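Before any comments, here is the structure.
Just so it is clear, the values below take in all heavy atoms, side chains as well, and ignore hydrogens, waters and symmetry mates. Because the structure is predicted, anything quoted here is derived from the model rather than measured. Just so it is clear: chains get the letters A, B, ... in the order the sequence lines come, proteins before strands, and each one is counted from 1.
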There are 2 protein chains.
Amino acid sequence: MTIKDVAKYSGVSITTISRVLNNHPDVREEVRAKVLKAIEELHYVPNSSARDLGKMQTDTIGVVVRGVGNPFLNSVLHAIEKEVSRADYSMVMHQIGSNEDELAEGASLVRSKRLKGLIFLGGRFDYTPEQIATLGVPFVCCTYTNTFGSLKKTAYSSVYIDDYAEAFRAVKTLTDLGHKKIAVLLGTTDDHSISELRFKGYCDALKSAGIVLDKDLIIEAKSFNIDDAFKAAESFLKKGKDFTAIFSIADAMGIAAIKALHTVGLNVPDDCSLIAIDGIQVSKYTIPTLTTLVQPSKQMGTRAVEVLLNVLKDECGSCQLKLETALREGGTLAKPKA
Amino acid sequence: MTIKDVAKYSGVSITTISRVLNNHPDVREEVRAKVLKAIEELHYVPNSSARDLGKMQTDTIGVVVRGVGNPFLNSVLHAIEKEVSRADYSMVMHQIGSNEDELAEGASLVRSKRLKGLIFLGGRFDYTPEQIATLGVPFVCCTYTNTFGSLKKTAYSSVYIDDYAEAFRAVKTLTDLGHKKIAVLLGTTDDHSISELRFKGYCDALKSAGIVLDKDLIIEAKSFNIDDAFKAAESFLKKGKDFTAIFSIADAMGIAAIKALHTVGLNVPDDCSLIAIDGIQVSKYTIPTLTTLVQPSKQMGTRAVEVLLNVLKDECGSCQLKLETALREGGTLAKPKA
DNA sequence: AGGAAAACTGAAAACGTTTTCAGTTTTCTG
DNA sequence: CAGAAAACTGAAAACGTTTTCAGTTTTCCT
């Protein structure tokens, strides 16, 4: 059942069928109706491979995601998928690991699947314009703050929160309560730019509160994974350092921290306050409830797709969209003990 | 950069390039090496649209998933994606909501995307052979027990745990400890067959322990969502029923239950024991750690793909693969108070 | 060494679309 | 009503692969 059969059946050329299929304006209404009827009667469905080959593009956008285990990224990812299919596009997801390069993986994905555009989700993105040019398709960076690296802010599209400022805000919440000895729980800064940026926010918030950075209070987990975060927190606690609060750069890591604190008999928030960034669903159900800056994950995904589709349509330059977090007050905050 | 360029560059015909690309045996080792080198040097990536068109198939499999919010399904989904791309296939995911029909959605997906096969993940699957025949491609049911409905067990492929038996086992753990008043926390049984099956396991475990089912101890949440589970648990607790344990049919719901219990001042496990099924990562970090029957989510995804690919390759009938859970002992189990 | 089989190779024809471009109608204008 | 513009249509050439089939080598056997 091909376009040829439809052509024969309805007595017009395949060109005309193609035109009807693609909503070209220059086909008589009467003919269009006839063709549509034929398509209906023959249950014809266009072959998308042939279509893509003819068009030299695919109506497919790719999502390169680093660290799919992360519940927050999952939420964004699903929002992306929903929006993509709402727009009658397809999505392919490509998971990358810690030793893989987002741009290289993205480029190969684009070439092999003939993607129209790309979304980078949850990793690092620090490339030169020349490197970026190799991609050949528009893209949107999602969950990265694009305020660093060798690229100008306007060089590419992004949908993001200001990781630096939000981290600053989180830590300021702690200093405002009177905390001086604030630890920070980080993922590796190798893969994830947010780790670096949020750490910077932490540093500057301390500084602006007149607190000197204590390197002993930096807890760096091997990854963003909750298991790694727990291990890191555990071994930090064993050292018996003096501290009254923890800033966790991600909810999942914060959950691990609560558990680790509990394991060594420290009470949250009496012995240790805790604040995180992300706002994943499950962190509403920790005991006590995690206080966190909630990122609008669904909106982030939806907007990323919108931005990409706009760029594709208008061939316009780029677009930066900054979203805001909202404080979700849980029960992990208290004044430091005297 | 097409196959033609590679042919010219390496001095052989495009046919030979194609053969190398597809691992045909009849190409001299020396030539193969030369071609591979050329491919490498030119950074050539085959055009998958053209490839699909030539082959008349797509090397794409679809995943129809109900309830993507669920962390367990997410884990399976990512395992599927990994295995699919490891096999040089592509995956398209299709999320469906509560008022959508898996088979209908699957069928339309197959037609429009020319899919080679389908995986159904996390919902209900109860169709007649005639309905199934409309699909036209092989498929695997994942996370459904195929021991009910109008179909014979061997009518289609599946990778699953025995939801009934595992639920039985979970509840037996509670009755063995001496619990008599055991509540069950369910998702809706409309969309999700596992809810129904695990509930059956609960009922029969009670019966075999000589306990009469108390309908007042059935907590049915509106969905599998953690928020809905919390609401359901909360309103159940308000009623002040007498019970000493809860069997939660999913980890996420169990986490909600712990929180709800804590909110009304009940201690886990002293006042109420708790056991669940799923074994998602975060449930290792609840306080106390959730005791649960861990489903091998990664394996489940991987195997589902393997089974599907085998069926596709051999055109053989079908294959049922039952996986086992493993008890992860946390701290939510205790003998009932005297 | 000679012939046959086996191993390899490439030209050309698919695959089912879209797109270009050269028509052919129809409609409009004065 | 002639001529030009606009509206429509179709033949044929892409698009980048795979596959078929007819060669051409090489290897093996006597």
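Distance check: A:Lys116 NZ to A:Met56 CE gives 13.5 Å after rounding to the nearest 0.5 Å. Separation of atoms CD1 (A:Ile132) and CG (A:Asp126) is listed at 9.0 Å; rounding is to 0.5 Å. Rounding to the nearest 0.5 angstrom, the gap separating the CG atom in A:Leu118 from the SG atom in A:Cys142 is 12.0 Å. Between B:Ser297 atom OG and B:Ile80 atom CD1 the span is 10.5 Å, to the nearest 0.5 Å.
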Side chain to side chain donor-acceptor pair (under 3.5 Å) evaluation trace for B:Lys55 with B:Asn22:
CA-CA 11 Å; B:Lys55 278 213 214 330; B:Asn22 293 280; 3.0 Å; yes
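Distance A:Leu42 CG to C:dG16 C1': 16 Å, rounded to the nearest Å. The distance between atom CD1 of B:Ile14 and atom C1' of C:dA12, rounded to the nearest whole Å, is 9 Å. The distance between atom CD1 of A:Ile17 and atom P of D:dG10, rounded to the nearest whole Å, is 9 Å. Distance, B:Arg51 CZ to C:dT17 P: 21 Å, rounded to whole Å. In this structure, A:Tyr44 atom OH and C:dG16 atom P are separated by 10 Å, rounded to whole Å. One interatomic measurement links the two molecules: CD1 of B:Ile3 to P of C:dA11, which rounds to 13 Å at whole-angstrom precision. What separates NZ of A:Lys4 from C1' of D:dG10 is a distance of 14 Å, to the nearest Å. Going from atom CZ of B:Arg114 over to atom C1' of D:dT17 covers 17 Å, rounded to whole Å.
Within residues 26-36 of chain A, the residues approached by DNA chain D to less than 4.0 Å at the level of any non-hydrogen atom are A:Asp26, A:Val27, A:Arg28, A:Val31, in residue-number order.
The aromatic ring centres of A:Phe224 and A:Phe72 sit 6.0 Å or more apart.
Nucleotide D:dC21 forms a pair with C:dG10, judged by Watson-Crick or G-U wobble geometry with both contacts under 3.5 Å.
Side-chain nitrogen and oxygen atoms of B:Thr15 include none within less than 4.0 Å of the OP1 or OP2 phosphate oxygen of C:dG10. Taking 4.0 angstrom as the limit, A:Thr16 places none of its side-chain polar atoms (N or O) nearer than this to OP1 or OP2 of D:dT9. Side-chain nitrogen and oxygen atoms of A:Asn47 include none within less than 4.0 Å of the OP1 or OP2 phosphate oxygen of C:dC15.
With C:dT19, C:dT18, D:dG16 as the choices, the nucleotide that has an atom nearest any side-chain atom of B:Ala50 turns out to be D:dG16. In this structure, the nucleotide among C:dG10, C:dG16, D:dT17 sitting nearest to the side chain of B:Ser13 is C:dG10.
Mapping B:Met56 and B:Pro25 onto DNA chain C via the closest heavy atom, the residue that lands nearer the 5' end is B:Pro25.
Within the 4.0 angstrom heavy-atom criterion, base atoms lie near B:Ser18. Note on A:Asp52: nothing from the nucleic acid sits closer than 4.0 angstrom, heavy atoms only.
The base of C:dG10 sits with one of its N or O atoms less than 3.5 Å from a complementary donor or acceptor on the side chain of B:Arg19.
Contact check for B:Leu308 versus B:Ile119: side-chain heavy atoms found under the 4.5 Å cut-off.
Between B:Phe125 and B:Phe139, the ring planes lie tilted relative to each other; the angle falls in the 30° to 60° range.
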